[in-house]
**Student:** 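First, the structure itself, so that you have it in front of you.
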Amino acid sequence: MSVSTNHSNPDKYLIDRVLNGDKQAFATIIHNTEALVAQMVFRMVSRAEDRKDLVQDIYIKVYSNLQGFRHQARLSTWIGQITYNTCISYLRKKQLLLSGYDNENSEEEDIVPVQGPVASDESDSQLFNKERSMILQAAMEKLSPIHRTLVTLYHQEEMSYQEIGVITGLPEGTVKSYLFRARKALKENLLLNYKKEEL
Amino acid sequence: MISQHILEEDIQLYVLDASQVKEETMQHLEHCTACQARVREYEMLFTGIGSLPKALFDFDVAALVLPQLPEKKKVSSYKIAGIAMVVIAAGLISLLFILLQYRLNELWQNISPWVIGLISVVAVAFIGISLWEMYERYRQQLKKLNFE
């Protein structure tokens, strides 16, 4: 059962209820934000078993620190910030932050497509899109976890540079510069891939 | 019109928000097929990223998290009573000082150095313990958030 959030400030309403001991309201917060958390955790952490522990850790931090939330940003942005910091901390511990991401253990195929499985009689264009999507996914895997997350937040979650800056704690200029480099690397990687296929 | 090809940064900017690029860049793009091809590459890339399947957890996050949530600490009635007593005591002492203001010097001179020493030691210890507690709480909160 989810808590109705039909209020002028649903974030504040939910937080007040959680602070008054209503755990169902916290379930609603989880429900409202888990898509963003999943996007970030999947982009930064490749080991499925670690993801489960991390998401648990993230939401316990959210719950424990909810009293300190000052409504200076949206609740989802604040949760995104905790997610980012938790993942960065994990990557630092595993020494995966800068480069040489552990692609051998990569389990990106675990990503559950939102639209569900494609029917067996898929058309040529669907096959082409699927293939292109796989090539792009592989190219994304070659980016560093931070670059991959920035690309996802900007292009998939449609966040502004400023919002991404709040989540990552990076200056807006740095976000722009990292995104520029990440897009360029992706494009070059894709072109290289297509050229290889043509040969 | 500029004769040099457009910078990579401007190509990206054009695809993201054409209204932000300079007029010369637009003019160059109208005539340069090489730069138009670069624009198309980025258009394909951005469309592709946008249509990638979104990640979702294959487990029920709420069912996993809710049983793990720590119980909210309630401020004990003893703590509230303690705080109230300290506030009342502080009020009474202040009142006493206001009422006996003109006799304070006399009072200070007559008070035993042992009593002053004892009061000072208790006060310093109290402040020290409070500061240490505040610092510990701050460290724990930082640790929780991992703002390292």
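Sequence lines set the chain letters: A, B, ... in the order given, protein chains first and strands last, and positions in each chain run from 1.
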**Student:** Closest heavy-atom contact between A/A38 and B/A55?
**Tutor:**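 Heavy atoms only, the tightest pair is CB-O, 3.6 Å.
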**Student:** State, yes or no, whether a side-chain contact exists between B/S51 and A/S133 at a heavy-atom distance under 4.5 Å.
**Tutor:**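 Contact flag for B/S51/A/S133 side chains = no.
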**Student:** Can you tell which of B/L45, B/L13, B/D60 has the highest number of heavy-atom pairs within less than 4.5 Å of chain A?
**Tutor:**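 Counting heavy-atom pairs under 4.5 Å, the top option is B/L45.
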**Student:** Check this for me: does any side-chain nitrogen of one of A/E157 and B/K54 sit under 4.0 Å from a carboxylate oxygen of the other?
**Tutor:**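 Result for this pair is yes, salt bridge flagged.
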**Student:** May I ask you to check whether over 12 heavy atoms, not counting those of A/Q162, lie within 6.0 Å of atom CD?
**Tutor:**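 Counting other residues, nucleotides and ligands, CD of A/Q162 stays at 12 neighbours or fewer.
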**Student:** Do B/E41 and A/K187 sit within salt-bridge range, that is, some charged N less than 4.0 Å from a carboxylate O?
**Tutor:**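 Yes.
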**Student:** If I measure from the heavy atoms of chain A, does B/L16 come under 4.5 Å with its side chain, its backbone, both, or neither?
**Tutor:**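 Side chain only.
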**Student:** Heavy-atom distance under 4.5 Å to chain B: side chain of A/V62, backbone, both or neither?
**Tutor:**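 The answer is neither part of A/V62.
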**Student:** Can you see which heavy atom on B/L56 is nearest to which on A/F42, and at what distance?
**Tutor:**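 Minimum heavy-atom separation between B/L56 and A/F42: O-CZ, 3.5 Å.
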**Student:** Of all residues at least two apart in sequence or in a different chain, which pass the salt bridge (charged side-chain N to carboxylate O under 4.0 Å, His left out) check with A/E34?
**Tutor:**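 Salt bridge (charged side-chain N to carboxylate O under 4.0 Å, His left out) list for A/E34, sorted by chain: empty.
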**Student:** Mind checking what makes ring-ring contact (aromatic ring centres under 6.0 Å, His included) contact with B/F46, not counting sequence neighbours?
**Tutor:**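 In terms of ring-ring contact (aromatic ring centres under 6.0 Å, His included), with neighbours along the sequence ignored, B/F46 is linked to A/H155, B/Y42.
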**Student:** Using the rule that two of Ile, Leu, Val, Met, Phe, Trp, Tyr join whenever any of their side-chain heavy atoms come within less than 4.5 Å, decide whether A/I164 and A/V166 are in one cluster.
**Tutor:**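 Each belongs to a different hydrophobic cluster.
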**Student:** Is B/M44 reachable from A/M134 through a run of I, L, V, M, F, W or Y residues, each pair having side-chain heavy atoms under 4.5 Å apart?
**Tutor:**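 Unlinked, A/M134 and B/M44 end up in two clusters.
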**Student:** Against chain B, label A/K176 side chain, backbone, both or neither, depending on which of its atoms sit under 4.5 Å from a heavy atom there.
**Tutor:**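 Neither; nothing under 4.5 Å.
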**Student:** With a 4.5 Å heavy-atom cut-off, do B/V65 and A/F26 have their side chains touching?
**Tutor:**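 With C-beta onward as the side chain, the pair touches.
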**Student:** Working to the nearest 0.5 angstrom, can you tell me the gap between A/I60 CD1 and B/L69 CG?
**Tutor:**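 Reported value, rounded in 0.5 Å steps: 6.5 Å.
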**Student:** Any chance CD of B/E9 has more than 12 other-residue heavy atoms, nucleotides or ligands included, within less than 6.0 Å?
**Tutor:**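 No, not enclosed.
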**Student:** With heavy-atom distances below 4.5 Å as the criterion, would you say the side chains of B/I49 and A/Y154 are in contact?
**Tutor:**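 The answer is no; the side chains never approach within 4.5 Å.
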**Student:** State, yes or no, whether a side-chain contact exists between A/F180 and B/E8 at a heavy-atom distance under 4.5 Å.
**Tutor:**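 A side-chain contact under 4.5 Å exists here.
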**Student:** Does A/L19 belong to the same Ile/Leu/Val/Met/Phe/Trp/Tyr cluster as A/F69, with side-chain heavy atoms less than 4.5 Å apart forming each link?
**Tutor:**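 As far as the 4.5 Å side-chain criterion goes, A/F69 and A/L19 are connected within one cluster.
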**Student:** Does A/L170 belong to the same Ile/Leu/Val/Met/Phe/Trp/Tyr cluster as A/Y161, with side-chain heavy atoms less than 4.5 Å apart forming each link?
**Tutor:**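 Hydrophobic grouping puts A/L170 with A/Y161.
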**Student:** At their closest point, which heavy atom of B/L66 faces which heavy atom of A/A27, and how far apart are they?
**Tutor:**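 Between these two residues, the closest heavy atoms are CD1-CB, 3.8 Å.
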**Student:** Should B/F59 and A/V55 count as side-chain neighbours, where that means a heavy-atom distance under 4.5 Å?
**Tutor:**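 Yes, at least one pair of side-chain atoms sits under 4.5 Å.
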**Student:** Where does B/Q12 contact chain A at under 4.5 Å (heavy atoms): side chain, backbone, both or neither?
**Tutor:**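 Contact with chain A: side chain only.
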**Student:** So how far is it from B/R38 CZ to A/L191 CG, rounded to the nearest 0.5 Å?
**Tutor:**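 It comes to 11.0 Å.
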